[in-house]
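Numbers restart at 1 for each chain; the letters A, B, ... are given by sequence-line order, proteins then strands.
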Amino acid sequence: MPERIYDHKEIELKWHDRWKNDATLYKAEVNSTRPKYYVLEMLPYPSGSLHIGHIRNYAIGDALARYKWMQGFNVLHPMGWDAFGLPAENAAIQRGRHPHEWTLSNIEEMKRQHRRMGFSYDWDLEVTTCEPEYYRWNQWFFLKMLERGLAYRKKALVNWCPECGTVLANEQVIDGCCWRHEATPVVQRALEQWFWKITAYADELLKDITEKLEGHWPDRVLSMQRNWIGRSEGSEIDFTLEGTGEKIRVFTTRVDTIYGATCVILAPEHPVAQKLLDEAGKARAKQMIDARAQKGPGDLEKDGHFTGGYAINPYSGERLPVWIGNFVLMDYGTGAIMAVPAHDERDFEFCTTYGIPIRAVIRPVDGALDEHPKAAFGDYGIVEKSGEYSGLPSADARTKMNQRAEREGFGKAAITFRIKDWGISRQRYWGTPIPVVHCPKCGVVPVPEKDLPVVLPTDVKLTGKGRSPLLDVESFMNVKCPVCGEDARRESDTMDTFVDSSWYFYRYCDAHNSSAPFDSAKIAYWFPIDQYIGGVEHAILHLIYSRFFTKVMRDLGLIQNSEPAARLFTQGMVIKDGAKMSKNKGNVVSAEDMIDRFGADTGRLFELFAAPPEKDMDWTDSGAEGAYRFLSRIFRFVTRTADRAVFGNDAEADRRALRKLHQMIKRITEDFDQRWHFNTSIAGLMELVNVLYIEEEKLSRAALEQILPALVLMLEPFAPYTAEEMWETLGRAAPVFRQPWPKFDPELAKEDSAEVVLQVNGKVRGRILVSFGTPKDELERAALTDPSTQSFLAGKQVVKVVVVPDKLVNIVVK
RNA sequence: GCCCGGGUGGCGAAAUCGGCAGACGCAAGGGACUUAAAAUCCCUUAUCCGGCAACGGGUGUGUGGGUUCAAGUCCCACCCCGGGCACCA
């Protein structure tokens, strides 16, 4: 009989073709009696090609999905496609194609690649977020937000490139200049923008990190989110402007230092500053604002300008000069601070630059008041030189001062967040149109629900320059006002595509619903996502926005869960030649190439084997070849054993092989259930195959009949095509992942005897084989009389003997 | 500066609860098979010292201390690498 060889191409294409049109293969049922498991990898960008960096994400999710199927779960593993905003639009323009057509053709190509990889998706639940039906529900959510006061419009500063005459996203600003015009500094421009009130949920977003996500999401992601939300407790205090009596409200976390304040500093764009400043001063303020846009904040020198005004400290009655300063941010706190140069490093720097006095008011608990307390900026202590508060510890002074502010109406204890409302307006073509109409008579009017979706026009000229291209499409822009019926103009802004990705996983559960974004009953069954898997680069934006969206949907009564994902897993990057894989560096290995050279199974297997999934992994071709060799090795063993007629009959060999088998079932099951260290799972399969090669001739038919199917079943999550082919070789039918996961027998997994290490003073001197459960005193006796320890015991006194049953004996001598 | 990770052979890594450091793979070297090569199969491979050898002994998980019969693992201090945040008042 000719020896069958492992031909990955033949095998993978065979099964790929067999399953290509079977939509029911991985179908999950809503309200199944089996326990549910919703596993989801983060969205792919429809760039048209997958590379092996992407594959890792799916390989992890797919292994898990297949394992859960085999464990008897009702697994939802859907697949969909994000519209992916700016880069998609820009790339389409560069290629002279319409973004919609371009994106859809990319999606088709990526879908083909995903299928070719053999991933176990529920293809029926495919969602494409750039389709009108998805726009409809984005717009529906927008209207709901508007009704609830969670959507609003205000003038806000945006990055503006004077050369292109266009708005730039933050990521398009490189070193303060436009990404296309490296010599053109970006300026700040005020535009009317739509916002969603994520700040209304800041407290809950923060609280649930601790209450719901801690321990289930990676610490690193949670700490980034905490940082981003940035809650700080302090006080808001009004300083009264001399002359006009106008109030300047400042925010401070250190109201206890207020007697040390020597000036008030406003953000350059602060309205009070704009009133106080003369023409020259206004020009200086503008300079500061632009400079801030162009440089990273860290590189900016302190810059300030005296406004000419004075304000009164409400506690001391002291008259303080009012300045503007480039380091004071309009969108944090109140846009105004009191400067306490003695106890704040930034204030110190500012005040020394401009010769503003410095006055210390905090002394260490066990020390004296230092007039120049430079070394102890920010320290708490005892308040001095502070009127009635002198002598109080910082914390007490704070409480008392807050109480007085509240009582006398010039301030209060306050909490400030760093997180800002989510600006969803984009002056771009590509994105969901914001469903409102601007009527000269009625103002801003929402588009009635029955008129949704507002669809993007297709006859649009895309240049990537100037204002939104939608403004030039008269058929789109000109509408009748839904209220008065008069001529009106459509809103030309489109939504940030992060809106799409904020709730796509809900739509996955009910992808074809045309009367609602989804059926709430289906969500109640599937949610929360049991396991969400993706790159850490989404730690802030996507993962905060989708948490926010979930809470809003809950408050709209659409869903019951408060968090989208019960567990989050962030996988490491794929590194090649010492660098992250990227087109710029030219070190990309495309999925296509990988499948061609090694096969889909080999690629997946190697990616899971090379490192634990949360760590970065190095892709090396030789490493992939090793994975290929292993698949060949296991395949050869299974196929030639299936052809075998004569078997050995060595009970000892059977026992050794079965022991290894059951030990490995145990290890791999635990790896899946607890740690996802698939590298050790695969190493376990390799160990098992190594033992099988050694014992091959001696094994009985009965032992092989137990070992082979279990081996194939355990390979399935990592290399499904190969597993499927071997399963057929073994004369079995139906997809492998529908088979039950093998169970291990603890009795068979047990070693016959324990090897006990003998140590003298902690150093290994010998080892003895004993039967399991040998009592302590017997082990001690054996250790003390074993030849290996004798030379180290001679002439010494035994002080102590530590015995760990079945493991070691340590003899302590003097 | 602050907040997270991490540091183990030539390389990727393993050691899950404080109990044999280096499983498994890559690379390298040797052997078998072959006219030959590829493929395959088997063996060796942390390091130093002694020995022809089987073997024996020492050292070894970023550095320095500590706890313990026993530390890659726990505690303290420090060094280095990676990531995130950063005039946030």
Side-chain angles (χ1 to χ4, degrees), chain A residues 3 5 218-228 230-232 234-235 250-255 257 265 267 292 296-302 325-329 331-340 343-347 349-350 378 416-419 536-537 539-540 572-573 575 606 609-612 614-627 629-630 632-633 636 667 670-671 674-675 677 679-690 693-694 755-764 766-767 791 799-804 806-813:
Chain A
E3 198 192 350
I5 52 157
D219 288 343
R220 143 171 91 140
V221 171
L222 298 182
S223 96
M224 280 161 81
Q225 292 210 355
R226 281 198 183 98
N227 218 323
W228 185 262
R231 180 182 198 272
S232 56
S235 321
V250 307
F251 176 74
T252 176
T253 53
R254 291 298 305 274
V255 71
T257 65
I265 310 175
R292 190 153 61 198
D299 312 329
L300 276 185
E301 299 269 307
K302 292 270 177 307
N326 63 341
F327 68 102
V328 181
L329 307 174
D331 48 17
Y332 182 77
T334 58
I337 65 162
M338 61 176 198
V340 184
H343 303 294
D344 183 282
E345 193 171 353
R346 293 153 308 174
D347 296 348
E349 207 187 310
F350 187 88
T416 289
F417 291 93
R418 198 186 83 99
I419 193 171
V536 72
E537 66 272 18
I540 298 297
M573 292 183 304
I575 305 286
F606 176 60
F609 174 65
E614 72 275 11
K615 276 186 73 167
D616 289 351
M617 69 152 295
D618 280 301
W619 175 274
T620 59
D621 287 356
S622 58
E625 278 160 25
R629 266 199 292 276
F630 170 67
S632 309
R633 203 168 142 84
R636 255 194 317 275
R667 186 203 285 185
E670 285 170 359
D671 279 344
Q674 294 162 25
R675 340 183 278 167
H677 279 201
N679 53 333
T680 58
S681 307
I682 294 165
L685 289 176
M686 288 170 169
E687 279 181 52
L688 175 56
V689 169
N690 288 348
Y693 265 70
I694 291 166
E755 193 187 47
V756 170
V757 172
L758 307 181
Q759 296 180 332
V760 178
N761 282 349
K763 291 207 160 118
V764 180
R767 39 201 81 196
S791 64
V799 180
K800 188 178 182 182
V801 181
V802 181
V803 182
V804 183
D806 299 335
K807 286 228 167 116
L808 66 77
V809 181
N810 188 11
I811 305 165
V812 187
V813 297

Handout entry: Derivation and outcome, side chain to side chain contact (heavy atoms under 4.5 Å, CB included), residues A/Tyr693 and A/Arg636
Key = CA-CA 10 Å; A/Tyr693 265 70; A/Arg636 255 194 317 275; 3.8 Å; yes
Exercise for the section: Look at the side chain of A/Asn810 and the backbone N and O of A/Val802, then say whether any donor-acceptor pair between them is shorter than 3.5 Å. Expected result: no
Handout entry: From B/rG19, B/rG12, B/rU40, nucleotide with atom closest to A/Val804 side chain
Key = B/rG19
Problem - Side chain A/Asn810 and base B/rC69 donor-acceptor under 3.5 Å - result: yes
Exercise for the section: Tell me whether the OP1 or OP2 atom of B/rA14 has a side-chain N or O from A/Arg675 closer than 4.0 Å. Expected result: no
Exercise for the section: Find the partner of B/rC11: check Watson-Crick (N1-N3 plus N6-O4 or O6-N4) and G-U wobble (N1-O2, O6-N3) distances, both under 3.5 Å, and reply none if neither fits. Expected result: B/rG25
Practice task
Return the nearest nucleotide to the side chain of A/Arg629; candidates are B/rU40, B/rA14, B/rA89.
Solution key: B/rU40
Completion exercise
Of B/rC24, B/rC42, B/rC69, the nucleotide closest to the side chain of A/Arg633 is B/rC42
Fill in the blank from the handout: Under a 3.5 Å limit on both distances, the Watson-Crick or wobble mate of B/rC85 is B/rG1
Fill in the blank from the handout: Testing B/rC4, B/rC20, B/rU16 for proximity to the side chain of A/Arg667, the answer is B/rU16
Practice task
Describe the nucleic acid contact of A/Arg220 in one word from base, sugar-phosphate, nothing, applying a heavy-atom distance below 4.0 Å.
Solution key: sugar-phosphate
Practice task
Could you work out which one of B/rC20, B/rG12, B/rC87 sits closest to the side chain of A/Leu329?
Solution key: B/rC87
Handout entry: Between B/rG19 and B/rG30 - P atom distance, rounded Å
Key = 40 Å
Problem - Donor-acceptor under 3.5 Å (A/Asn679 side chain, A/Ala611 main chain) - result: no
Handout entry: Span that lies between the C1' atom of B/rA38 and that of B/rA46, in whole angstrom
Key = 33 Å
Practice task
For A/Gly230, answer base if it contacts any base atom (sugar-phosphate contacts may also be present), sugar-phosphate if it contacts only those atoms, and nothing otherwise; contact means non-hydrogen atoms under 4.0 Å.
Solution key: nothing
Practice task
Evaluate the side-chain proximity of A/Met686 to A/Phe609: yes if any heavy-atom separation is below 4.5 Å, no if none is.
Solution key: yes
Practice task
Return no unless some side-chain N or O of A/Tyr693 is found under 4.0 Å from OP1 or OP2 of B/rC42.
Solution key: no
Exercise for the section: Please work out if A/Glu755 contacts a base, only the sugar-phosphate, or nothing of the nucleic acid, heavy-atom cut-off 4.0 Å. Expected result: base
Exercise for the section: Find the partner of B/rA54: check Watson-Crick (N1-N3 plus N6-O4 or O6-N4) and G-U wobble (N1-O2, O6-N3) distances, both under 3.5 Å, and reply none if neither fits. Expected result: none
Handout entry: Below 4.0 Å: OP1/OP2 of B/rC87 and any side-chain N or O of A/Asn326
Key = no
Problem - Any A/Lys763 side-chain nitrogen or oxygen under 4.0 Å from OP1 or OP2 of B/rA21 - result: no
Exercise for the section: May I ask you to verify if any side-chain N or O of A/Ser232 is less than 4.0 angstrom from the OP1 or OP2 atom of B/rA89? Expected result: yes
Handout entry: Closest to the A/Phe609 side chain, choosing from B/rC20, B/rC69, B/rG12
Key = B/rG12
Exercise for the section: Pick base, sugar-phosphate or nothing for A/Pro218, based on heavy-atom distances below 4.0 Å to the nucleic acid. Expected result: nothing
Exercise for the section: Return yes if some donor-acceptor pair links the side-chain N/O of A/Asp616 with the main-chain N/O of A/Met573 below 3.5 Å, else return no. Expected result: yes
Practice task
Determine the interatomic distance between C1' on B/rG7 and the same-named atom on B/rC43; round to the nearest Å.
Solution key: 33 Å
Handout entry: Candidate nucleotides B/rG84, B/rG12, B/rG19, ranked by approach to the side chain of A/Met224 - the nearest
Key = B/rG84
Practice task
Tell me what A/Asn690 touches on the nucleic acid: a base, only sugar-phosphate, or nothing, going by heavy atoms under 4.0 Å.
Solution key: sugar-phosphate
Handout entry: From B/rC24, B/rG19, B/rC69, nucleotide with atom closest to A/Met686 side chain
Key = B/rC24
Exercise for the section: Measure distances between side-chain N and O atoms of A/Lys807 and base N and O atoms of B/rC20, and say whether any donor-acceptor pair falls under 3.5 Å. Expected result: no
Problem - Test item: A/Gln225 side-chain N/O and A/Ala539 main-chain N/O as donor-acceptor pair under 3.5 Å - result: yes
Handout entry: Distance below 4.0 Å between A/Lys615 side-chain N/O and B/rG6 OP1 or OP2
Key = no
Fill in the blank from the handout: Checking N1-N3 plus N6-O4 or O6-N4 for Watson-Crick, or N1-O2 and O6-N3 for wobble, each under 3.5 Å, the partner of B/rU35 is none
Exercise for the section: Scan A/Val340 against the nucleic acid and name what it touches under 4.0 Å (heavy atoms): base, sugar-phosphate only, or nothing. Expected result: nothing
Problem - B/rC11 to B/rG22 separation - C1' atoms, rounded to the nearest Å - result: 13 Å
Handout entry: Residue A/Glu670, side-chain heavy atoms: nucleotide from B/rA89, B/rA23, B/rU16 that is nearest
Key = B/rU16
Practice task
Indicate whether any N or O donor in one side chain lies under 3.5 Å from an N or O acceptor in the other, for A/Asn227 and A/Arg418.
Solution key: no
